[in-house]
Amino acid sequence: MKSIRNFCIIAHIDHGKSTLADRLLEITHTIDKRDMKAQLLDTMDLEQERGITIKLQPVRMEWKQHQLNLIDTPGHADFTYEVSRSLKAVEGAILVVDATQGIEAQTLANVYLALESNLTIIPVLNKIDLPAADVERMKTELENVLSIPREEVIEISAKEGTNCEAVLDAVIERIPPPKPLPDIEEHEMKALIFDSVFDTYRGVVIYVRNFNGEIRKGDRLKLLRAGCDFEALEVGCFKPKYSPTPAIHNGEIGYIVTGLKSVRDARVGETVWKKIKHGNNIEAAPTPLPGYKKVTPFVFAGVFCTEADDYPTLRDALGKLSLNDASLTFEPEQSGALGFGFRVGFLGLLHMEIVQERLEREYDLDLIVTAPSVKYEIVKMTGEVLPISNPSELPDSGSYVEIREPWVKVEIVTPKEYLGGVLELVTKRRGVQKDLSFLDPTRALVNYEIPLASIVTDFYDKLKNITSGYASLNYEHLDFRPGDLVRLDVLIAGEKVDALSFITHRSESRGVGMQLCAKLKEIVPRANFVIPIQAAIGAQVIARETISAYRKDVTGYLYGGDVTRKNKLLDKQKKGKKRMKKFGKVNLPQEAFLAVLKKD
């Protein structure tokens, strides 16, 4: 165990975390030079295209007679829980900070997570080769904001490979070797699952950090919280591909092929356990490792196919994706406007975008995704708390005591010249300011508490527009709080379109309804009859727009005569329009559902 070092890399998006991982793999000769490529640990096409890490990836390296186990973690707030479990599997973290941009919102969030886990932090200042790099100012910022001594900061250029060996040396010198947890008995093996993936041929493969004993092929293991037993069909380490080994020893990070049929059986944070015979002392009721939490989705959207025949394909595709993603939930949903589909739960907007893109790419589906909404809680008259994820599930007012909505803590880092616009934006979205401080003379850190529904649609785009792209955002969930919330329904040609319904605060309902009706008027195609577009709360219409009908000049061929001839033709046309209005159908394009996303 003395020669083992377990660590991860944490950073804000685009600060060079994956590039540094590439250089470390090169320097330690874990990967042959001919097999190297940019962002090697980002294995998904979407990760390569977007330049971000979506799924964590472990790898084992050898350096100066030491075994180094690295976990490359995602940097986005949607995957914070996955990052937090990864931090529980290591003893240290490399903090990568861009020398041109400095500390960002997600940098702070990840550092706080690392400190909560009592990890040794190695600060690394990346991109020192760029002309815009300000090394001394960034060192001062790290010293003032995170209390990191400037002499501990390692200056590197991951792209050029400058000084990257110093990072490996610092890992060996500063990060302590694994230590056994005090509450684990000698007669039991315990390991933490920090990730799990589904392999079509071998079932679920779990990624574990072993805290005591050893795991060998053929061992009978147990998942303590799920209560299921399985046999270790194969064990090994990451190079970074699966590399079978005789055993996963105490303190090591590796994988176990379980043969289980779904990652829901082996969730992140679960404890793998095995009895170790040690005299007659055999634990009867083992206790799981602390910190396990079932990940629940916070953002929900309806997913429908443009072609009704693709519904079975969509169902199978969601089932296959959920095998690899335990946080993805879905249930059947029917819409009068869109037909059969699914109500799908996501961790956040980025998670939703990734799932939608994978469905369209990998399964050749043409999808309509409704405006995302969040999960609410209804307190019924009996005191029962009922969660709802679909606005159509909200009962009529008077049948419940209150509605509770999820609130989040938001951290925004912005240049000070854009501070006024940022404060105005967050205040407009019902944010409550908690703190305002300055990281340095040019950048401010703003802390707010705000309803999740206020930031789940176009908030990030608005923030980037206001700050010319320089602001960064991070959020974490707080709790559910009661609010004066109502369901806003949209009626087109007198018919309620349930896919356009959403829950909003009463104070914003009239303005939002008027804006939505105006946008839908521009999007919904004209027909041969008048189409009214209405926004309503219950039976009360609060906003309306009207799309006029196409009108043929039925009197154009008349060359004269009595006016009654003209009136007779116009009356006949009016009756026809009325009949068409009664039986006509309105076709809604995808843009109509996207219109709900834009609040102002």
Side-chain angles (χ1 to χ4, degrees), residues 6 41 43-44 55-60 69 71-73 79 81-82 84-86 88-90 181 184 187-277 283 285-295 318-329:
N6 298 320
L41 295 184
T43 54
M44 294 170 58
K55 194 72 177 168
L56 68 82
Q57 180 64 46
V59 64
R60 178 179 293 183
N69 294 304
I71 301 178
D72 186 20
T73 60
F79 308 107
Y81 179 69
E82 192 174 270
S84 69
R85 294 309 90 195
S86 302
K88 294 293 184 184
V90 297
L181 294 180
I184 296 181
H187 61 264
E188 60 181 354
M189 184 284 300
K190 279 185 181 177
L192 172 74
I193 298 178
F194 61 87
D195 197 16
S196 57
V197 297
F198 181 79
D199 185 285
T200 307
Y201 302 102
R202 301 195 284 181
V204 174
V205 180
I206 56 176
Y207 299 177
V208 298
R209 156 67 195 276
N210 190 6
F211 283 99
N212 192 53
E214 64 179 25
I215 308 168
R216 292 187 173 273
K217 180 179 178 180
D219 283 350
R220 291 299 300 177
L221 305 173
K222 182 176 184 177
L223 299 176
L224 292 186
R225 296 185 185 273
C228 65
D229 298 311
F230 65 91
E231 180 183 340
L233 304 179
E234 180 182 301
V235 300
C237 64
F238 305 92
K239 286 283 187 173
K241 294 180 179 178
Y242 297 145
S243 177
T245 58
I248 303 174
H249 299 287
N250 188 5
E252 290 185 341
I253 287 174
Y255 70 88
I256 305 172
V257 178
T258 67
L260 297 172
K261 301 303 181 185
S262 169
V263 291
R264 296 183 191 280
D265 300 326
R267 294 180 180 271
V268 173
E270 174 69 277
T271 302
V272 182
W273 180 82
K274 181 185 76 170
K275 295 178 183 178
I276 301 175
K277 291 185 179 180
E283 178 102 355
T287 55
L289 293 169
Y292 174 80
K293 183 177 69 174
K294 185 177 178 180
V295 186
L318 284 170
K320 289 176 182 177
L321 284 187
S322 68
L323 290 175
N324 258 330
D325 190 348
S327 60
L328 183 69
T329 64

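The shown structure was predicted, so the numbers you read here are calculated from the model rather than taken from an experiment. We count residues from 1, following the sequence as given.
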Next on the checklist: To check you understand the geometry: which heavy-atom pair defines the closest contact between A191 and V208, and what is its length?
Outcome noted: CB-CB, 4.1 Å
Item to check | Test item: V272 and F230 side chains (from C-beta on) under 4.5 Å apart, heavy atoms | outcome: yes
Item to check | Sidechain-backbone polar pair: K222 side chain, K275 backbone, donor-acceptor under 3.5 Å | outcome: no
Checklist entry - How long is the gap from CD on E214 to CG on D219, to the nearest 0.5 Å? => result 8.0 Å
Item to check | Least distance between heavy atoms, L192 atom then G269 atom | outcome: CD1-O, 3.8 Å
Item to check | Value rounded to 0.5 Å, distance of CG in L318 from OG1 in T329 | outcome: 10.0 Å
Checklist entry - Is the closest side-chain heavy-atom distance between I256 and I215 below 4.5 Å? => result yes
Next on the checklist: With rounding to the nearest 0.5 angstrom, report the CG to OG distance, D72 to S86.
Outcome noted: 10.0 Å
Checklist entry - Would you find a donor on one side and an acceptor on the other, under 3.5 Å apart, between the side chain of E252 and the backbone of N210? => result no
Next on the checklist: Which heavy atom of R209 sits nearest to which heavy atom of A89, and what is that distance?
Outcome noted: NH1-O, 3.0 Å
Checklist entry - Nearest heavy-atom pair of P58 and F238: which atoms, and what distance? => result O-CB, 3.3 Å
Item to check | I71 vs D195, side-chain contact (heavy atoms from CB on, under 4.5 Å): CA-CA, chis, key distance, verdict | outcome: CA-CA 11 Å; I71 301 178; D195 197 16; over 6 Å; no
Item to check | Side-chain (K217) to main-chain (G236) donor-acceptor, under 3.5 angstrom | outcome: no
Next on the checklist: Give me the atom names and distance for the closest heavy-atom approach of K88 to F211.
Outcome noted: O-CZ, 3.6 Å
Next on the checklist: Closer than 3.5 angstrom, by distance alone: can the side chain of T258 be matched with the main-chain N or O of V204 as a donor-acceptor pair?
Outcome noted: yes
Checklist outcome for this item: Between the CH2 atom in W273 and the OG1 atom in T287, the distance rounded to the nearest 0.5 Å is 10.5 Å
Next on the checklist: Restricting to non-hydrogen atoms, name the atom on L224 and the atom on E270 that form the minimum distance, rounded to 0.1 Å.
Outcome noted: N-OE1, 3.6 Å
Checklist entry - If we only count heavy atoms from C-beta on, is the L223 to I193 side-chain gap below 4.5 Å? => result yes
Item to check | Full working for side-chain contact (heavy atoms from CB on, under 4.5 Å) between I253 and R60 | outcome: CA-CA 8 Å; I253 287 174; R60 178 179 293 183; 5.8 Å; no
Checklist entry - Side chains of R267 and S196: closer than 4.5 Å at any heavy-atom pair? => result no
Next on the checklist: I need the full list of side chain to side chain donor-acceptor pair (under 3.5 Å) pairs touching residues 231-245, with sequence neighbours left out, sorted by first then second residue.
Outcome noted: R202-E234, Y207-Y242, E234-Y255
